[in-house]
Amino acid sequence: MANHVKKGSWTADEDSLLSHYVTLHGEGHWNSVAHSTGLKRTGKSCRLRWLNYLRPNVRRGNITLQEQLVILQLHSRWGNRWSKIARFLPERTDNEIKNYWRTRVQKQAKQLKCDVNSKRFRDTMRLVWIPRLVERIAATSGQSLPACTETSTSTPTISESTWDDNSVNADTSGWGDGFEAGWWEEDGVESSFESLWTEENIRFLQQQLFD
DNA sequence: AAGATACGCAACCGCTGCGGA
DNA sequence: CTCCGCAGCGGTTGCGTATCT
């Protein structure tokens, strides 16, 4: 029945109502939220708003090197299983990880003129980018690096059983100087993919991919 | 300065799986 | 066993903002 379901951006009042409800009753039973609070939103919408925005400890923006590493690692193994990947980054939502992948990684794959889901791109990610990222993080943090650094006591870790060793041990010798300079250069917390994508590196990667 | 274009993110949509009746 | 409703997931869209021309 037409119950004037509201769509679009949430207002502060709606956020407040939803937060209050979940604080009192806990997560779940999303369809009853609308009835109880008077919100003109679907249960789905309430759930999404809570999980992606209102939930405590949700962090947005500034994907760190460590987080990038986890995302790249897990995506190379599981593909677009965003919620599964998000379990390893408890402060990040599956939606944000998905957006990060689409806006950053896919864009760069396009620059390389290959499909982001192609084996070639995945192999490049797994055999070259990730090991290099590991090196960068180790270098900047001055410590040996577990695959997942965002873990807490209640957070799953990437165990050996869930992770291919060969991705980390991949032989990257012979990948030339193009990767030595500028790879994952830090620019404060904002550092990220972008520095990777110099013209030189893109040309080099294209060569490697299509030779 | 203004319009066009690109980008990033929040939110919606459709599908699937699961559990209860 | 089947049906139904709900929660969750992944893909997609739309809008606000930033950048370019």
Side-chain angles (χ1 to χ4, degrees), chain A residues 1-65 67-68 70-119 121-122 125 154-156 158 162 184 187-199 202:
Chain A
M1 296 300 276
N3 197 13
H4 292 88
V5 174
K6 191 181 173 211
K7 294 182 181 180
S9 298
W10 283 64
T11 65
D13 285 345
E14 288 176 314
D15 283 345
S16 175
L17 279 172
L18 179 56
S19 292
H20 186 66
Y21 179 89
V22 177
T23 301
L24 286 179
H25 300 95
E27 296 181 21
H29 310 99
W30 298 110
N31 281 332
S32 67
V33 173
H35 299 126
S36 302
T37 63
L39 279 171
K40 300 279 191 292
R41 299 279 183 172
T42 65
K44 274 181 162 188
S45 183
C46 292
R47 173 183 165 273
L48 207 64
R49 183 63 178 172
W50 172 257
L51 292 177
N52 289 344
Y53 192 88
L54 299 174
R55 184 167 54 102
N57 302 323
V58 170
R59 202 151 54 87
R60 293 192 301 282
N62 291 342
I63 303 277
T64 64
L65 286 173
E67 288 172 325
Q68 290 174 38
V70 173
I71 292 169
L72 296 185
Q73 283 182 328
L74 296 183
H75 188 277
S76 75
R77 180 169 182 80
W78 292 328
N80 298 356
R81 303 294 306 278
W82 308 117
S83 64
K84 197 170 180 177
I85 294 169
R87 287 188 204 118
F88 288 83
L89 297 168
E91 293 181 330
R92 302 290 182 179
T93 67
D94 56 350
N95 208 35
E96 186 168 37
I97 293 169
K98 179 171 58 181
N99 281 335
Y100 166 75
W101 185 266
R102 289 190 60 81
T103 57
R104 306 292 211 285
V105 181
Q106 283 197 350
K107 184 178 76 177
Q108 310 304 348
K110 211 152 71 175
Q111 285 189 40
L112 288 171
K113 295 184 170 64
C114 65
D115 189 279
V116 75
N117 292 316
S118 68
K119 185 174 186 306
F121 187 78
R122 286 202 311 269
M125 190 76 76
S154 61
T155 305
I158 304 173
T162 58
W184 300 96
D187 185 13
V189 188
E190 283 290 346
S191 98
S192 65
F193 249 37
E194 271 61 10
S195 58
L196 259 164
W197 300 98
T198 62
E199 295 267 335
I202 289 168

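Letters A, B, ... mirror the listed sequences (proteins, then strands); counts begin at 1.
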* What integer distance in Å separates A:Asn99:CG from C:dG14:C1'? -> 13 Å

* Kindly state which residues belonging to residues 7-22 of chain A come within less than 4.0 angstrom of DNA chain B, counting heavy atoms of the residue only, listed by number. => A:Lys7, A:Gly8, A:Ser9, A:Trp10

Pick out the pairs of N or O atoms, protein on one side and nucleotides 17-21 of chain B on the other, that lie under 3.5 Å.
none

* A:Lys6 NZ - B:dA11 C1' separation (whole Å) -> 12 Å

* To do: Please confirm whether the backbone N or O of A:Ile63 pairs with a side-chain atom of A:Gln68, one donor and one acceptor, at under 3.5 Å?
  => yes

* Could you tell me whether A:Thr42 contacts a base, only the sugar-phosphate backbone, or nothing, with contacts defined as non-hydrogen atoms closer than 4.0 Å? => nothing

* Asked: Do the non-hydrogen side-chain atoms of A:Thr93 and A:Arg55 ever get within less than 4.5 Å of each other?
  -> yes

* Asked: Can you name the residues that form a ring-ring contact (aromatic ring centres under 6.0 Å, His included) with A:His20, not counting sequence neighbours?
  -> none

* A:Thr103 side-chain N/O to A:Asn99 backbone N/O, donor-acceptor pair under 3.5 Å -> yes

* Structure fact -> Heavy-atom contacts, protein to nucleotides 4-10 of chain C, under 4.0 Å, summarised as B (base), S (sugar-phosphate only) or - (none) per nt, yield --SSBBB

* **Inter-end axis angle, the helix from B:dA2-C:dT21 to B:dA21-C:dT2, with every axis fitted to five base pairs (rounded, 10 degrees)** => 10°

* Asked: With no hydrogens and no angle check, is any side-chain donor or acceptor of A:Arg92 less than 3.5 Å from a backbone partner on A:Val58?
  -> no

* To do: Spell out, as yes or no, whether a donor-acceptor pair under 3.5 Å connects the side chain of A:Ser45 to the backbone of A:Thr42.
  => no

* What is the distance, rounded to the nearest whole Å, between atom CZ of A:Arg102 and atom P of C:dG14? -> 14 Å

* Asked: Given atom CH2 of A:Trp101 and atom C1' of B:dC7, what is their separation to the nearest angstrom?
  -> 19 Å

* Check whether the side chain of A:Asn52 and the base of B:dA11 form a donor-acceptor pair under 3.5 Å. => no

* Asked: Mind checking whether A:Phe88 and A:Trp78 have ring centres under 6.0 Å apart?
  -> yes

* Are any of the side-chain heavy atoms of A:His75 and A:Asn80 separated by less than 4.5 Å? -> yes

* To do: Can you tell me the distance, in whole Å, between the CD atom of A:Glu96 and the C1' atom of B:dA10?
  => 11 Å

* To do: Taking only the side-chain nitrogens and oxygens of A:Arg104, find out if one of them lies under 4.0 Å from OP1 or OP2 of B:dC9.
  => yes

* Asked: Checking A:Ser36 side chain against A:Val33 main chain: does a donor-acceptor pair fall under 3.5 Å?
  -> no

* To do: Please examine the side chains of A:Leu51 and A:Asn95, heavy atoms only from C-beta on, and report whether any two atoms are closer than 4.5 Å.
  => no

* In chain order, what residues pass the salt bridge (Lys or Arg N to Asp or Glu O under 4.0 Å) check against A:Arg49, with sequence neighbours excluded? -> A:Asp15

* Asked: Do any side-chain nitrogens or oxygens of A:Ser45 fall under 4.0 Å of OP1 or OP2 in B:dC12?
  -> yes

* Asked: When you measure from the centre of the six-membered ring of A:Trp10, is the NZ or CZ of A:Arg41 under 6.0 Å away and within 45° of the axis?
  -> yes

* Pair A:Tyr21, A:Ser16: side-chain N/O donor-acceptor within cut-off below 3.5 Å -> no

* Asked: Under 4.0 Å: is that the gap between some side-chain N or O of A:Arg60 and OP1 or OP2 of B:dC9?
  -> no

* Asked: Which is it for A:Lys40 and A:Glu14 under the side-chain contact (heavy atoms from CB on, under 4.5 Å) test, yes or no, and what are the steps along the way?
  -> CA-CA 9 Å; A:Lys40 300 279 191 292; A:Glu14 288 176 314; 5.8 Å; no

